[in-house]
Amino acid sequence: MVKPGPNSYSFADPRPGPRREITVFTYRPSSFRADSPVVVVMHGRNRNGHEYRDWFGAQAERYGFLVVAPNFTEAQYAHPHEYNYGAMVDAAESPRPRRDWLFPVIDAVFDDVRRRFGSRRERYFLFGHSAGGQLVHRLATFAWSPMIERAVAVNAGSYTMPLAGIPYPHGLGGTGLGDKDLRALFSRPLLVLLGDADIDAGHPQLPREPDAMKQGPHRFARGHHYFDTARREAARLGVPLARELAIAPGVAHSAEDMAPHAARHLFGAG
């Protein structure tokens, strides 16, 4: 059994191709049991999984969940195609086969965690902030896993809009997804969590591609645009929208400050 508190270990990326190593940072709360919830935390642009693990430590102790923060170094997972875009496209934005996509690696990390920690959980919660929020909402769009209990996309810099007229990565154009796929997408439990102070239009890491700029001047506006577009498309299709929108008052572009809000939404006010 892994000792309580912070830990880390190496995990081999199971996909075909050159061998790549992921460092998995974990935090085991003192109250951990085999049936404790598991939260997989996806880092942002800075590839700082160890800090994300630490930022969730207090919440893990409060609510009793295991934190799992896999770290994808930029040396092995180039920005943004290998991480933000889930390796669905290459550097020239040409489509890649599904076997190369990043999304299933998260399930593999969870499977490995269950063995290491003696967990009996069959599903996990998924959190992603900034670039991690991009990854999480694209996973929810293109590769939802039955192992996910609920996903939280936080302060993403740009989104894949549920619209066929916009090319990937900022829309569904070229992906082959249609209305049947949208009906499935809108049934998935995705929380879009936004800090209402994340309004810096000059933030150095804010995506500035033309299709990203059309989503709004800053992350807070872009998150609203994404959610409003999904709500409109769900109404067009006549299906309920399972996703939710929540606001963290006074929070800017900070995963550390968003962690308590995400934990409360997942596990209650407590």
Side-chain angles (χ1 to χ4, degrees), residues 1-14 21-44 48-72 102-129 132-133 135-137 139-140 143-154 187-193 242-244 246 248 251 254-270:
M1 179 66 68
V2 181
K3 70 182 189 300
N7 298 277
S8 65
Y9 57 88
S10 292
F11 177 75
D13 188 321
E21 291 287 335
I22 301 160
T23 301
V24 181
F25 296 97
T26 65
Y27 187 94
R28 178 181 180 267
S30 55
S31 62
F32 178 80
R33 303 182 307 273
D35 60 350
S36 295
V38 177
V39 180
V40 177
V41 176
M42 306 304 294
H43 58 66
N48 51 336
H50 64 293
E51 290 186 307
Y52 275 69
R53 182 266 316 273
D54 294 345
W55 293 334
F56 271 90
Q59 306 308 315
E61 292 291 354
R62 180 177 184 184
Y63 295 106
F65 60 83
L66 174 67
V67 181
V68 180
N71 195 82
F72 297 83
L102 181 64
F103 310 123
V105 175
I106 301 172
D107 277 359
V109 168
F110 174 63
D111 268 335
D112 181 68
V113 160
R114 288 195 294 187
R115 178 184 60 79
R116 290 175 184 268
F117 285 83
S119 173
R120 292 196 300 265
R121 297 290 293 203
E122 296 183 356
R123 295 195 295 169
Y124 61 91
F125 297 91
L126 181 62
F127 167 100
H129 179 265
L135 174 67
V136 165
H137 92 274
L139 184 156
W144 183 261
S145 166
M147 289 186 176
I148 298 173
E149 192 157 345
R150 192 180 185 196
V152 188
V154 185
S187 73
R188 295 164 185 160
L190 173 67
L191 172 65
V192 179
L193 179 59
R243 67 184 54 184
E244 300 174 79
V251 179
S254 168
E256 181 176 11
D257 292 340
M258 294 300 278
H261 292 274
R264 280 197 296 273
H265 279 284
L266 290 175
F267 301 112

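Positions are given from 1 along the sequence.
Taking the six-membered ring for Trp, Phe267 and Phe65 have ring centres closer than 6.0 Å.
Annotation: side-chain contact (heavy atoms from CB on, under 4.5 Å) contacts of Ala108 (sequence neighbours excluded): Phe11, Pro14. Under the side-chain contact (heavy atoms from CB on, under 4.5 Å) criterion, Asn48 pairs with His43, Asn46, His50, Glu51, Tyr52, Trp55, not counting sequence neighbours. Among residues two or more places apart in sequence or in another chain, the side chain to side chain donor-acceptor pair (under 3.5 Å) test is passed with Ser187 by none. Legend: residues meeting side chain to side chain donor-acceptor pair (under 3.5 Å) with His265, ordered by chain and number and at least two apart, are absent. Legend: residues meeting side chain to side chain donor-acceptor pair (under 3.5 Å) with Asp54, ordered by chain and number and at least two apart, are absent. Listed by chain and residue number, nothing satisfies the salt bridge (charged side-chain N to carboxylate O under 4.0 Å, His left out) test with Glu256 (two or more places apart in sequence, or in another chain).
Across all non-hydrogen atoms, the minimal contact from Gly118 to Ala34 is O-CB, 3.4 Å. The shortest heavy-atom contact between Pro260 and Asp257 is CD-O, 3.4 Å. Smallest separation of non-hydrogen atoms from Pro70 and Ile22: CB-CG2, 3.8 Å. Annotation for Gly64 and Ser36: closest pair O-CB, 3.4 Å, computed over non-hydrogen atoms. The heavy-atom pair separating Phe25 from Ser8 by the smallest distance is CD2-CB, 3.6 Å. Heavy-atom minimum distance, Ser10 versus Glu21: CB-OE1, 3.5 Å.
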Stepwise side chain to side chain contact (heavy atoms under 4.5 Å, CB included) check, Arg116 with Val113: CA-CA 5 Å; Arg116 290 175 184 268; Val113 160; 5.6 Å; no
Derivation of the side chain to side chain contact (heavy atoms under 4.5 Å, CB included) call for Val136 and Val152: CA-CA 7 Å; Val136 165; Val152 188; over 6 Å; no
Pair Met42-Phe72, side chain to side chain contact (heavy atoms under 4.5 Å, CB included): steps then yes or no: CA-CA 9 Å; Met42 306 304 294; Phe72 297 83; 3.6 Å; yes
Verdict with reasoning, Arg53 to Asn71, per side chain to side chain contact (heavy atoms under 4.5 Å, CB included): CA-CA 10 Å; Arg53 182 266 316 273; Asn71 195 82; over 6 Å; no
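Although no hydrogens or angles enter the test, the distance criterion places no donor-acceptor pair under 3.5 Å between the side chain of Arg121 and the main chain of Val38. Using a distance-only test at 3.5 Å, with no hydrogens or angles considered, no donor-acceptor pair links the side chain of Arg188 to the main chain of Trp144.
Atom CG of Asp111 and atom CD of Glu122 lie 11.0 Å apart (nearest 0.5 Å). In this structure, the separation between CG on Leu266 and CG on Leu193 is 9.0 Å, given to the nearest 0.5 Å. Rounded to the nearest 0.5 angstrom, Phe32 CZ and Thr26 OG1 are separated by 9.5 Å.
Considering Phe125, Phe127, Tyr27 in turn, Phe127 is the only one that fulfils the ring-ring contact (aromatic ring centres under 6.0 Å, His included) rule with Phe56.
Taking the side chain as every heavy atom from C-beta outward, Val40 and Val109 never approach each other to under 4.5 Å.
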